[in-house]
Every structure is written in structure tokens, then in C-alpha cells.
Amino acid sequence: MATQKLSTLQEAVQTLIHDGDSVALEGFTHLIPSAAGHEIIRQKKRDLTLIRMTPDLIYDMIIGMGGASRLVFSWGGNPGVGSIHRFRDAIERCWPQPLAIEEHSHADMAARYQAGASGLPFAVMRGYVGSDLPRHNPNIRFIECPFTGERLACTPAINPDVAVIHAQKADRKGNVLISGIVGVQKEVVLAARRSIVTVEEIVDDIQDHAQMNSVVLPGWVLSAVCHVPGGAHPSYAHGYYKRDNAFYKAWDAIARDRDTFLAWMDKHVMGTADFAGFCRSVAAEGLIGTLPEELCR
Amino acid sequence: MSYTPTELMTINAARKLSDGQVCFVGIGLPSAAANLARLTHAPEVVLIYESGTIGARPDVLPLSIGDGELAEFADTVVSVPEIFRYWLQGGRVDVGFLGAAQIDRFANINTTVIGPYASPRTRLPGAGGAPEIASSAREVWITLRQTKRSFVDRLDFITSAGFLDGGDARERSGARGAGPTAVITDLGVLAPDPVTKELVLTAVHPGIDVEQVRAATGWDLKVSSDLVVTSPPTEAELACLRDLHARTLRAHGGEAGGD
């Protein structure tokens, strides 16, 4: 039974993500599921509601390739570099199609995932005091605490159709180990109806690697586990490879212009069969600085 | 010894941090200043980044808020829900140290849009952690370059609250903490008037005159009657900051960390 968790990324995306789904690819600057993002683009998924605290390169790609009709987020940018241009082009000029946005703060998005994982209808927090965000987002409302009378912000729980994350290790039963900056990886998986986890490495038994109190997602709460070494590049997988800061910088020029972006995506994502092919294709142009060499030839 | 306006800004921002203070750090300029403080006069300052790293001691400046460098040498790394709920909302942060795209005379921050929200002229990254940092930390410092485009008379959007409409507006809003007590720029330092809460120029950096600061401000800037000149950077401060940037540049393969 449990061994069925292991599948290829192509199969997982094909069977678990459908047009029109709400999909949350998470990873707070660490363990971002880039390979899964590429596969969503290759399979031309359409009309997705994309959910993510920090839309960066993968969502820039999906938005620019016309896969998303709605974005739920709290910070959209290229960390340390600047704007993500496909995201801006979609919001400022509706290219390649209009993108509806629903905007929150980080504290709120994290709380909404927690509420989703907890089976609660809404998240409650002391938030948005004095901010204009609630005036533009009808999903941010306020309630009075029944005990103290304090005014508190509340927002609906997030329960995505599909959660997608990257992690370091899984074992043959599909139990997943996450370490380092864990972000909202656990919450998004437990909030979602279905989930896909890509991992750097498959080990025999996760118990040999996980210390007590480590972040472990048991295989039985996951839908699919896929072995995709390097799958978080250009973000990083602690213990495996570093963040490829030069790639983030290079993305600025690639994505700034529509035609340059489309040609680049066509060549490196649509023109390759899988993430290994993408790595070889991009490495041939000297664009990968951090992945182990065997992934690049 | 010569130095740049940005170095003046970073060094003056760093000087504000005291040893042992708990500081929730934004990426970029605040992160550079907070780490300079840690490497000079405040070795026991506790740096918290919203990626969940508590007691971070990066050897080089992070390019993103969640670089591995931050986790590697931290006291502990917690989840993002935990950092916001237990540590920030729980009232454990002395200083929220923020950058901004724009501020107004009451130190409200815009990082969302320029132009109308529904059809923005410029779409900025958005809120991130700032709205709750600004309304939960015991006090807030803001650091940014001072220009007419960044110091505006009226914000198109208030992302994070400073003193809202001034006076007692912040207190009435239910925000916790004292709000922005200092704005450190490349030209000088501003602080809120105790009653009106309007930002007043309280210090200029060496070589900067008041007219220069006024010219870089989008409203009629008030100047303190006790205006002082900040003391010039020491050789030790400059050497430490330049070392940090040089290490960062090498580590990032030629990419500077937030300056």
C-alpha cells in the first residue's frame, strides 16, 4: 500500500493537479518546488488559483505562461533582486491574461494555513491594524473577542486542492523529513486535499535520519512522493546545495521582456522532458552555479 | 576618511541597536545595519528573521530573508506560523527594523502599489511581514534613502501603520507598541513630534545641510530646534561594514547582499 506513494513527478502532476484547481506551491525561500512548477507548465495546466506566501520565480513562470487566473499571496518579488516582471505585467497590463489577486500579510497567510490544517473555518490574529489591505480584500474581516472585546482580524482558512512542496528526504514508504527553514511546509500539506512532495533523496528508513521532534510528514498523509534531485533549484535544499543567487539575478533579465521570457521558457522548460533535462539545458548556458555537477551533464 | 551616504545610513542605523535587544529584522538595509551592530558594539543582540531564524549570526549578509546562512548559526529555527504567532504577536520583540518603498510625514509605510490599487502604475511586492511587525514590536525603526519619491506627502496605499493621521490616531487604532520612533536615512535622522507625531528632522549627517534634506522631502519638513550633526563613522565601523560587504560579495559570487 504505502509504497504506492512513490511516483514520477509527471504522473503525480498529471493525476493530482487539474485545470481550475487551487494549488499552493510552498517553500519560504528554502525548499521551493521548482521542478514541480516546471512540470505544471509542461503539462499546460490552466485556470489555476495559485496560492503562495512569496510568489517568486516559479509563479512568475506559471503566470507568464498563462497558467493562472488568480493569485493569493503576501509578498511578490525576486528576493534581494527586485520585481518579478511577469507577475507585474499580468497585474499592470493583463498580459498574457488578467490575473485576479487576493493579498494578505505573511502572519495572516501562515495563520490561514494553520487554520486549514486544523480543520477550522477561519484564522484569527491581531493584524492589519491601520493598514489599507482590508479595504481592498473582502476576505479580511474583523471580529470582537468574546472574552476581552478586543478587535481582531480574521480570514478564511486556506484549504488548497493541492499542496506541493520540496523536502530533503523520503523513505520507501513515503515518509518525508524536512530540516532547516521549514516555513509552512507542514501546514500547507495538512491543509490541502491532495499533496505532492518532491525530495532530494530516497533512503531506506526515515527513522535512521530523523531525530526525535524533527519535522516528519508521515507517508499516509501525502498523495505522492517523487524523487527529484536538485528539484528546489534555484532555491536551496539545506545539506544538499546552496541558494543560486546568480540565477535569481539572471532571472531579472530573462523575465523582463515578454519575448525573451517566452523563448527562454520554450527552450529550457517546454523543450525538455523533465527537470534533469532542464538542468542540462540551463547548465549548458552556464546558468547553474550551485547544483552538483552530475545533475548538469 | 571618506565614506558614502549609504554607509552613513547603515552605520547610524546600527548605532541605535543596544546589546541584548531583540530585533525583528527586514531584509536589505535593516539587515545590514543589524548585523553591523552585532559585529561591533552589540554582540549579544538577538536577530530574528521572519523565515523563522532566532538569534541569527550570519557571517555574510543574506540576499533573501531565508538564506541557509541565517539558519546555520541561529539559536533555533522555528516555523513561519510560530515566528509570527509566538514570537512577534506574543510580544517578545523590542524593535521592528523595516525598510520601505515610501513613507509619509506620519511614518506610515507603503510597499504595495503606486497609483490606484485596482490599476496600479507600479505594483510593489506587497506587505510581507511588515503590517504585524509595525503594530506588534515595542518600537519600530525605518531605514530608507531619502528622496522626493520615497518621502511623499500622501501615500497611495498604507501597507503598514506608523502614526496614521497623527496625534493619538495610532493609539486609538489598537496598534501595540510605540510605533516608528526613528527614521534613519542617507541624509539624517527623523523622529516623531511627541504630540502631533509628525516626523521632525532631528539630525543631519556630516556634510549634509538642512536645505538638502528639505529638497528630498515631499512635504514641508519641520526641523528640530535642537538639530544635531551625527558623529562621523569611526574607522572601526567603516572597516567592519566594508569587510562584511566584501565577504558577502565573495560568498554570493559577485552579488552584493542588501546594502
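Reminder, nothing fancy here: chain letters follow the sequence lines and each chain counts from 1.
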> Is the count of non-hydrogen atoms from other residues, nucleotides or ligands lying under 6.0 Å from A:Lys186 atom NZ greater than 12?
Replying inline: no
>> With salt bridge (charged side-chain N to carboxylate O under 4.0 Å, His left out) as the rule and sequence neighbours excluded, what pairs involving residues 84-100 of chain B come up?
In response: B:Asp94-B:Arg138
> B:Thr111 versus chain A, heavy atoms under 4.5 Å apart: side chain, backbone, both or neither?
Replying inline: neither
> Under a 4.5 Å heavy-atom cut-off, does chain A meet the side chain of B:Pro81, its backbone, both or neither?
Replying inline: both
>> If we define contacts as heavy-atom pairs under 4.5 Å, which of B:Gly128, B:Gly66, B:Ala130 has the most with chain A?
In response: B:Gly128
> Residues of residues 68-76 of chain A under 4.5 Å from chain B (heavy atom pairs)?
Replying inline: A:Phe73, A:Ser74, A:Trp75, A:Gly76
> In terms of heavy-atom proximity below 4.5 Å to chain A, should B:Glu69 be classed as side chain, backbone, both, or neither?
Replying inline: neither
>> Keeping B:Tyr117 on the side-chain end and A:His136 on the backbone end, is there a donor-acceptor pair under 3.5 Å?
In response: no
> Can you say whether B:Leu164 sits under 4.5 Å from chain A via the side chain, the backbone, both, or neither, judging by heavy atoms?
Replying inline: side chain
>> Set out, in order, the CA-CA distance, both residues' side-chain angles and the distance that settles salt bridge (charged side-chain N to carboxylate O under 4.0 Å, His left out) for A:Glu150 and B:Arg176, then state yes or no.
In response: CA-CA 12 Å; A:Glu150 185 178 357; B:Arg176 302 201 161 190; 3.8 Å; yes
> B:Pro131, B:Gly126, B:Gly68, B:Ala161: which one forms the most heavy-atom pairs within less than 4.5 Å of chain A?
Replying inline: B:Gly68
>> Which atoms of A:Tyr248 are under 4.5 Å from chain B, going by heavy atoms: the side chain, the backbone, both sets, or neither?
In response: neither
> Considering only heavy atoms, which portion of B:Arg121 lies under 4.5 Å from any heavy atom of chain A: side chain, backbone, both, or neither?
Replying inline: backbone
> Crowded around A:Arg93 CZ? As in, over 12 foreign heavy atoms under 6.0 Å?
Replying inline: yes
> Do B:Ile83 and A:His106 have side-chain heavy atoms sitting under 4.5 Å apart?
Replying inline: no
>> To check you understand the geometry: which heavy-atom pair defines the closest contact between B:Ala127 and A:His104, and what is its length?
In response: CB-O, 3.9 Å
>> Between A:Met125 and chain B, with a heavy-atom cut-off of 4.5 Å, which part of the residue counts as in contact: side chain, backbone, both or neither?
In response: both
> Which atom names give the shortest non-hydrogen contact between B:Thr112 and A:Glu103, and what distance separates them?
Replying inline: CG2-OE2, 3.6 Å
>> Can you tell me if B:Glu171 has over 12 outside heavy atoms packed within less than 6.0 Å of its CD?
In response: no
> Going by heavy atoms in the side chains, are B:Thr53 and A:Ile181 under 4.5 Å from each other?
Replying inline: yes
> Under the side-chain hydrogen bond (donor to acceptor under 3.5 Å, both in side chains) rule, what pairs show up with a residue in residues 125-137 of chain B, not counting sequence neighbours?
Replying inline: A:Ser105-B:Glu132
>> A quick test of your reading: do over 12 heavy atoms of other residues, nucleotides or ligands sit less than 6.0 Å from OH of B:Tyr86?
In response: no
> Is the number of heavy atoms from other residues, nucleotides or ligands within 6.0 Å of CG (B:Asp165) greater than 12?
Replying inline: no
> Do the side chains of A:Arg243 and B:Ser64 get nearer than 4.5 Å, heavy atoms only?
Replying inline: yes
> Under a 4.5 Å cut-off applied to non-hydrogen side-chain atoms, are A:Tyr113 and B:Val80 in contact?
Replying inline: no
>> Heavy atom to heavy atom, less than 4.5 Å: which residues from residues 127-135 of chain A reach chain B?
In response: A:Gly127, A:Tyr128, A:Val129, A:Gly130, A:Ser131, A:Asp132, A:Leu133
> At their closest point, which heavy atom of A:Asn245 faces which heavy atom of B:Asp67, and how far apart are they?
Replying inline: ND2-OD2, 4.3 Å
>> Testing the basics here: between B:Ser79 and A:Val182, what is the closest heavy-atom pair and its distance to 0.1 Å?
In response: CA-CG2, 3.7 Å
>> If you count heavy-atom pairs within less than 4.5 Å of chain B, which of A:Ala111, A:Ser83, A:Gly180, A:Ala110 leads?
In response: A:Ala110
>> Can you tell me which portion of A:Ile101 sits under 4.5 Å from chain B's heavy atoms? Options are side chain, backbone, both or neither.
In response: side chain
>> Measuring from atom OG1 of B:Thr122 to atom CZ of A:Arg88, what distance do you get when rounded to the nearest 0.5 angstrom?
In response: 5.5 Å
> Where does B:Glu50 contact chain A at under 4.5 Å (heavy atoms): side chain, backbone, both or neither?
Replying inline: both
>> So, taking the atom named CD in B:Glu82 and the one named CD in A:Gln114, what distance separates them when rounded to the nearest 0.5 Å?
In response: 9.5 Å
>> Atom CZ of residue position B:Arg154 - does it have more than 12 heavy atoms of other residues, nucleotides or ligands inside 6.0 Å?
In response: no
> Which one of A:Arg151, A:His30, A:Arg126 has the most heavy-atom pairs closer than 4.5 Å to chain B?
Replying inline: A:Arg126
